[in-house]
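On a predicted model such as this, the values are computed, not experimentally measured, just so you know. Along the sequence shown, the residues carry numbers beginning at 1.
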Amino acid sequence: MGRLVMKFGGTSVADIERIRNVARHVKREIDAGHDIAVIVSAMSGATNQLVEWCREASVLHDAREYDAVVATGEQVTSGLLAIALQSIGVNARSWQGWQLPIATSDAHAAARILDVNGEELTKRFETRKEVAVICGFQGVHQASGRITTLGRGGSDTSAVAVAAAIRAERCDIYTDVDGIYTTDPRVVPKARRLDKIAFEEMLEMASLGAKVMQVRSIELGMVHQVRIFVRSSFDAPDAIDPRATPPGTLICDEAEIMEQQVVTGIAFIRRVQDKPGVAASIFGPLSEANINVDMIVQNVSGDGATTDLTFTVPAADYDRAKDTIAKARTQIGYERLDGATDVAKISVIGIGMRSHAGVAANAFRALAERGINIRAITTSEIKFSLLIDEAFTELAVRTLHSLYGLDK
Ligand code: ADP
Ligand code: ASP
Ligand code: MG
């Protein structure tokens, strides 16, 4: 049997009982003969609390210190899981990002993994049959020696990076749902689980708001050809046959998917909108501040001399984005800066759109019939996104889910 990476998210390690449950999942795979690297998240809610404390201490805080604070959640759970594994007779050792190391860029709070040292892990697999329990979400910027974090949801990316580094045969993402659904099953009860989804579609779903997997984890999986399997950690660990295929979703190459539907899924995100006077020079300062901008729409105004520029940023970056643009006001030369936090972006995704016309037009019609106003539209080869008022999010998602035949 080969090597496996097993990643457990926040709800899966929410308390000691669940950590024991995770230990049993790991033991099952060890007993089946696998070498295992486990990636853990912080206990559910822990990272939110740490982020909140940073904000409370100062709204515009030093990102290096933010990382020093928020990386601690994973330190707790990796140690606890190692203890729980040892207590059931499994040889285990915890690893923090700086110890392995997981080397990253210095983009604090949004660092990119540059390199994972998997050698020590594989050596210990061979000589001691030792399970590695690795802190997700964190790494180290080696030149400065400082702890970094990978952005919210970053443990998924840690898992895929470790899987690539140790050439794991599969990267299992254990979470609180049993796979990837056509849309968030907590919002649309009629959502269906997909057996397989192509990397490209998952990349769009993730970047467009399905928080089930961090975007960068999918990019990495695609580049390094890591087979990612999303499954539930709540199934009884001992009832699972490690040789059978459990319920879940495989994220894989398009070529592996036989039957293609036009629309695979719908993602949505509650985002914020900014609306300053025009200037391309705004995007420079924003990217220097590591703020992702998307849905850029420019309209020519009545007088022909000025234009409006509308774009969205993640809700968490809203205050920083406004601050950054306000500071660059003389350089940009805008007249007015408006912002709104009550907008949502709905996206429809499917590789099949490449060969089908009129997919978006049907959506516009269906939403108009329900009185939902569309504020901005963007499209690409395999998706389109609509910006609408947040209050209509659920209605819009459900409407589109039925329209494209995704209901059960
Ligand atoms: P973890 O803590 O294990 O990393 P997350 O909360 O980050 O888990 O991601 C799992 C959640 O993602 C699910 O509980 C679900 O509500 C949400 N989600 C959003 N879109 C989807 C989707 N298309 N399929 C499955 N889950 C989704
Ligand atoms: N604990 C981190 C977060 O909540 C990373 C993760 O869970 O993936 O964002
Ligand atoms: Mg997550």
Side-chain angles (χ1 to χ4, degrees), residues 7 9 151-157 159-160 171 173 175-223 226-232 247-254 256-257 259-271 292 294-295 312 314-315 344-354 356 359-360 363 377-388 393-394 396-408:
K7 180 258 170 177
R152 297 307 306 271
S155 296
D156 299 323
T157 303
V160 176
C171 180
I173 304 289
T175 182
D176 56 3
V177 276
D178 59 359
I180 307 291
Y181 280 69
T182 46
T183 191
D184 191 339
R186 288 184 208 292
V187 176
V188 182
K190 285 180 178 167
R192 257 189 312 115
R193 191 180 67 227
L194 301 159
D195 289 334
K196 291 182 179 178
I197 183 168
F199 280 120
E200 267 186 289
E201 291 173 318
M202 193 61 231
L203 196 56
E204 294 284 10
M205 290 263 278
S207 21
L208 298 167
K211 74 161 190 165
V212 58
M213 291 291 290
Q214 202 198 30
V215 179
R216 289 210 187 129
S217 69
I218 308 300
E219 287 170 356
L220 270 185
M222 205 163 163
V223 172
V226 176
R227 291 169 73 79
I228 303 171
F229 189 64
V230 180
R231 57 192 291 183
S232 169
T249 304
L250 184 69
I251 306 174
C252 59
D253 268 338
E254 196 180 327
E256 263 191 70
I257 301 173
E259 232 175 275
Q260 200 58 256
Q261 41 194 11
V262 178
V263 168
T264 304
I266 297 169
F268 55 93
I269 190 165
R270 287 155 181 154
R271 285 200 167 197
N292 279 327
D294 72 350
M295 287 200 94
T312 60
K345 183 168 75 173
I346 315 282
S347 304
V348 176
I349 300 126
I351 282 178
M353 272 187 218
R354 282 191 198 128
H356 284 78
V359 181
I377 302 166
T378 54
T379 60
S380 82
E381 215 189 4
I382 67 163
K383 69 121 209 275
F384 62 89
S385 301
L386 311 169
L387 197 66
I388 62 164
T393 309
E394 295 196 19
V397 171
R398 291 196 178 138
T399 301
L400 298 177
H401 201 264
S402 304
L403 177 71
Y404 295 116
L406 298 175
D407 295 355
K408 265 177 203 152

**OP:** Check step by step if side chain to side chain contact (heavy atoms under 4.5 Å, CB included) holds for E201 and L194.
**Re:** CA-CA 12 Å; E201 291 173 318; L194 301 159; over 6 Å; no
Original post:
Given R193 and V230, is the side chain to side chain contact (heavy atoms under 4.5 Å, CB included) satisfied, shown in steps?
Top reply: CA-CA 11 Å; R193 191 180 67 227; V230 180; over 6 Å; no
Subject >> Reported OG1-to-NZ distance for the pair T378 and K383, which is rounded to 0.5 angstrom >> reply: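 The NZ atom of K383 is 5.0 Å from OG1 of T378, to the nearest 0.5 Å.
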Subject >> CD-CD distance between Q214 and E219, expressed to the nearest 0.5 angstrom >> reply: 9.0 Å
Original post:
Pick one: which of R192, K190, H401 meets side chain to side chain donor-acceptor pair (under 3.5 Å) with T182?
Top reply: H401
**OP:** Test L400 against every option in T183, L406, I266 by the side-chain contact (heavy atoms from CB on, under 4.5 Å) rule and name the one that passes.
**Re:**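 Among T183, L406, I266, the one meeting side-chain contact (heavy atoms from CB on, under 4.5 Å) with L400 is I266.
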**OP:** Kindly indicate, with the supporting measurements, whether the criterion side chain to side chain contact (heavy atoms under 4.5 Å, CB included) is fulfilled by I228 and S217.
**Re:** CA-CA 9 Å; I228 303 171; S217 69; 5.5 Å; no
So do the side chains of [X] and [Y] get within less than 4.5 Å of each other, counting heavy atoms only?
X    : Y    : answer
S347 : E204 : no
M353 : S380 : no
D195 : T249 : no
I346 : T393 : yes
V212 : Y181 : no

Original post:
side chain to side chain contact (heavy atoms under 4.5 Å, CB included) between L220 and V226: does it pass, once the steps are laid out?
Top reply: CA-CA 8 Å; L220 270 185; V226 176; over 6 Å; no
Subject >> R152, CZ: over 12 other non-hydrogen atoms inside 6.0 angstrom >> reply: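 Correct, the count exceeds 12.
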